[in-house]
Amino acid sequence: MEEKLSKLVSIFKAELESLSGHLHLVSTNKAGELIARIAREKGVKLAVKCMVPFEDEINIAEAFGKTGISLVEIGTRDIGNVKDTITAADMGLSGADLAIAEIGAIAIASRKDEDKLVTCLPRVHVAIIPSSLLVHHPDDALPFLQSTLRDSQPCVVSFISGPSRTGDIEMKLVLGVHGPHEVHVVMLEDR
Amino acid sequence: MTSDNPSLTNKIYLGIHNSVQRTALGLAMRRGRDARMLALSKISDPEEFKRKARKMKESAINDLDNLIQEFSKNASNRGARVFFAKDGEEAIQYILRLAERTGAKTIIKSKSLTSEEIEMNKPLEQKGYEVVETDLGERIIQLANEKPIHLVFPAVHKTVQQVAELFTQETHETVSPDLESIMSIVRKTLRQVFLRGDIGVSGVNVGVAETGTIIIETNEGNARLVTSLPNVHVAIMGMEKIVPTLGDAIQLIQAHPMSAAGQRLTTYVSFVSGKCPITADKSTRELHIIILDNGRSRMRRDEFLHEALYCIRCGACMNICPTYEVVGGHTFGYIYPGPIGIPLTASIHGLDHAAEFAPLCISCGLCKEMCPIDIDIPLMIARVKELESNEHGQTFVNKALMQFESISTLASATAPVSNWILERSIVRTVMEKAVGIERRRRLPKFYRQTFEKWWNRRPHNVSRLHHDRVAYFVDSFANYNDPELGMAAVYLLEESGVEVVLPPQKGSGMPYISYGDLTKARGQAQYNIKSLVELVKEGFKVVATEPTATYCLREVYPKLLKTDDSRLVAEHTTELMVYLRGLFQTGRLGDANRNTLSGRGGFHISCHQRALSSGQATIELLKMTGIQVQVIETGTCCGMGGTFGLKTGELGYDLSVEVGKPLFDLFKKNGVDFGITESSVCKIQLEEGTGLQFVHPVKFLKAAQTGDREFTQKLRKL
């Protein structure tokens, strides 16, 4: 079982990196520190965050507290104009609901658009996902899509494979057009 | 009388001489093709993938009325308002009313071909709304006030200098002509536009009936902002985009990027299911889905054109189209460019607009090979040409070329006098002026002793072995212009103990298909099938030496006739070389021919052969004879396009030669001793372009079998 997982992780890592994304495999109790370190290295001043898995154990707020970087929670309390706050942020922190190894993609279900904007607007996007949610092939995403979208509640599922990109000028690749310039997937190896 | 389409010929002339555009477009197309091949090599069974996708689209379009209902119900249940627009005007009016009601000022758009199809920007701007395209390529095109040159790479013909100038004009800031400066101004200005957008307009890549979901793919991520920053989101969806289930959708979101740019998945794929709240307030948000007909119902009813509704707009067909590469999508297109643009334009924008560029299709059929849904684009284009000529008649030169077979009968009957006449320059000048046949083209010689006459005179060789029996489909060239080719084929078959018969037959009818006379094409097909089917039922296989003839029998006749007989014949038809390989593998095609010959041959695989065996059997058999075989190709057509390259002027010879030049250069660069091709028309083009002699592979096999060691040495440079 473990061997199979590590093989999937290495496929996912290779694919994600070929799309200029980054994978960090980390234990849950070290994830907070890791994310704070990424924020520091990337010169982040303001980070916004929506709900992430195993929040209490990761304890992001504490890790950020030590760095002095502001971390704003979206959607839980009144933060003024939510669009302005997210636009001003350098980093968006989100969970992810599925990772697809063969295509280096993560999938995120959002029931509110501000959660989606956290993954759209800031220049660095960090997505936290338990390794148990890693599947092999795009077709394996079907049960997740069905259980999420057949529900009559409105919802947006976003598949994201690496940072925003364009080749529209002279076919030359540019990363980070409107969306994030960097995508970091933080995978919790013990979950 | 060179052409009845002066504005098109003028545009072709300009295209041929626009080297900046040609270089940029050629590079984009080649990259698109290479990346697609690489991506396809990573999936387990590409052919099965294609078959599944096609079957799914077929059944979805069959059941479209129900799917639209189911989609609408499920989308409405999740808070969307669904509007069915019968044409572009209705869709635009709907958006105008919406903009007025919500007091909108700025409308931001992510890439939507459907919104381009209905040309919605202009009427909105005329009413005073600010309309901004947010996809970088589309934004460049909008600032340049042009139409996309390519479905997937809309601004690929613009250089970095030109783009920098456009943004300098727009922002009144000096933008240096480098990518970094351009990107920084784009990010800055578009971010402001996103934030002030009142209405976001997007297209839809796939609609899912079971959940009322719309799926939107972008690499830049602009659609994610367009659909969630403004309070109002309008999605415009062609009605053919709806598929039954999420499982079907997963298949299409993979097929699309793979064919478009060789990506396994588009960077962002959003499954929007209903209206999502922002800051817990659902009431101020609106999601409108406009389902657009705009000619699609009409398309659905057409025997051939309904296949255009399977199109997923990946643009792969234009990445391989040989004439599109030379002239670009502004000439080879109206709003929808490229091969698929012809049937789409005919149904959506009208036959007249399609007729402006349909003659650019030279019927090579490569677009069908590239299509991830296996759409028979060439046959749809033939249908458009037919509809057009029903309305406006056929050009004189096309009529003449469609009659080539009866002309051949006469020319053979009067050979060698006819050859002598056809070689007179004064005659060729008159032919060019009066008929429109290019005088510089070296026409093949005609033989008085046609293959058919030879066959009828020879003592009939009834084989001792009756296990293997074939009916030989000769087609015009081997009959009138190269009877030795037919004789070599018969020799090889009979020497291997195969009984050969020559059934009554007419030419394959490809020229009728190329110029859109499907009634006549059907007539030829019916005649040939009637003659062949009886033999097939008796256990005969059908073989042909001309790839286009095999292609017609296998791929085209069943679609033209839709009969069991035509399908039966198709199943039992093989390229001669493939049949011979079978004989070789069972030890029937003599081993005597091993390593008899020498020399280096450059093999050109004709477009129609690519759709069949891709020349693999030919390569194997020729290598055995001792010839060093090298496949030489540019990845696209040689440019002859059947009889297209015989026509004089831009819409014929000139364009044909421009397409062929890179291939001619490759042949010259490789320094081969002679050329090999199975196509009689590619032979004409390549002999003229390369100065090498091009020979059908069966002639090499016969030479090897008969120990004619000097055969290859006698192939002189022309």
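When reading the values below, keep in mind they use all heavy atoms of this one structure, side chains included, and skip hydrogens, waters and symmetry mates. A note on names: the letters A, B, ... follow the listed sequences, proteins ahead of strands, and every chain is numbered from 1.
- Heavy atoms closer than 4.5 Å to chain B are found in the backbone of A:R111, but not in its side chain.
- Here A:D84 contributes atom CG and B:L195 contributes atom CG; the two are 7.0 Å apart, rounded to the nearest 0.5 Å.
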One pair to check against side-chain contact (heavy atoms from CB on, under 4.5 Å): B:L229 and A:L117. What are the steps and the verdict? CA-CA 8 Å; B:L229 279 170; A:L117 290 172; 3.9 Å; yes
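- Remark: A:F159 CZ to B:I215 CD1 distance equals 8.5 Å, nearest 0.5 Å.
- Taking each heavy atom of A:D113 and B:S228 in turn, the nearest pair found is OD2-CB, 3.3 Å.
- Between the side chain of A:E170 and the backbone N or O of B:V160, at least one donor-acceptor pair lies under 3.5 Å.
- Under a 3.5 Å cut-off, the side chain of B:R78 and the backbone N or O of A:C155 do not form any donor-acceptor pair.
- Inspection of non-hydrogen atoms places B:V152, B:F153, B:P154 of residues 146-154 of chain B under 4.5 Å from chain A.
- Listed here is the closest heavy atom pair of B:C276 and A:P154: SG-C, 4.1 Å.
- When A:D151, A:V177, A:L19, A:T119 are compared by the number of non-hydrogen pairs under 4.5 Å with chain B, A:V177 comes out ahead.
- The candidate from A:P138, A:G167, A:G162, A:G179 with the greatest count of non-hydrogen atom pairs under 4.5 Å with chain B is A:P138.
- For B:Q251, no part lies near chain A; criterion is any non-hydrogen pair under 4.5 Å.
- Looking at B:L246, the atoms closer than 4.5 Å to chain A (heavy atoms on both sides) sit in the backbone and in the side chain alike.
- In this structure, the portions of A:L121 lying under 4.5 Å from any heavy atom of chain B include both its backbone and its side chain.
- Proximity to chain A (any heavy atom under 4.5 Å) is shown, for B:L287, by neither the backbone nor the side chain.
- Annotation: maximal heavy-atom pairing with chain A below 4.5 Å, among B:L179, B:T213, B:N77, B:V156, occurs at B:L179.
- In this structure, a donor-acceptor pair under 3.5 Å is present between the side chains of A:K116 and B:T227.
- Proximity to chain A involves both the backbone and the side chain of B:L136, based on heavy atoms less than 4.5 angstrom apart.
- Judged purely by atom type and a 3.5 angstrom limit, B:Y268 has no side-chain atom pairing as donor or acceptor with the backbone of A:S158.
- Of the residues considered (A:A105, A:P163, A:A109), A:P163 shows the highest number of contacts with chain B, using heavy-atom pairs under 4.5 Å.
- Salt bridge absent: B:E220 and A:R165 never bring a charged side-chain N and a carboxylate O closer than 4.0 Å.
- Taking B:R139, B:H157, B:E138, B:R187 one by one and counting their heavy-atom pairs under 4.5 Å with chain A, the maximum is reached by B:R187.
- Contacts from residues 141-149 of chain A to chain B, taken as heavy-atom pairs separated by less than 4.5 Å, involve A:A141, A:L142, A:L145, A:Q146, A:L149 in sequence order.
- The side-chain contact (heavy atoms from CB on, under 4.5 Å) test with B:L265 is passed by exactly one of A:I100, A:I103, A:I160: A:I103.
- Comparing B:A24, B:G79, B:S270, B:A249 by heavy-atom pairs within less than 4.5 Å of chain A, the highest count is held by B:S270.
- With a 4.5 Å cut-off on non-hydrogen atoms, B:T267 touches chain A through its backbone and its side chain both.
- Considering all non-hydrogen atoms of both residues, B:M183 and A:V174 come closest at CG-CG1, 3.6 Å.
- For A:D115, no part sits under 4.5 Å from any heavy atom of chain B, backbone or side chain.
- There is no side-chain donor-acceptor pair under 3.5 Å between B:R264 and A:S161.
- The part of B:I140 that comes within reach of chain A is its side chain, from C-beta onward, which places non-hydrogen atoms under 4.5 angstrom from that chain.
- By number of non-hydrogen pairs under 4.5 angstrom with chain A, the leading residue of B:Q162, B:E210, B:K158 is B:E210.
- If you tally non-hydrogen atom pairs under 4.5 Å between each of B:G221, B:G137, B:G274 and chain A, the highest count goes to B:G137.
- With hydrogens and angles disregarded, a donor-acceptor distance shorter than 3.5 Å links the side chain of B:R191 to the backbone of A:H178.
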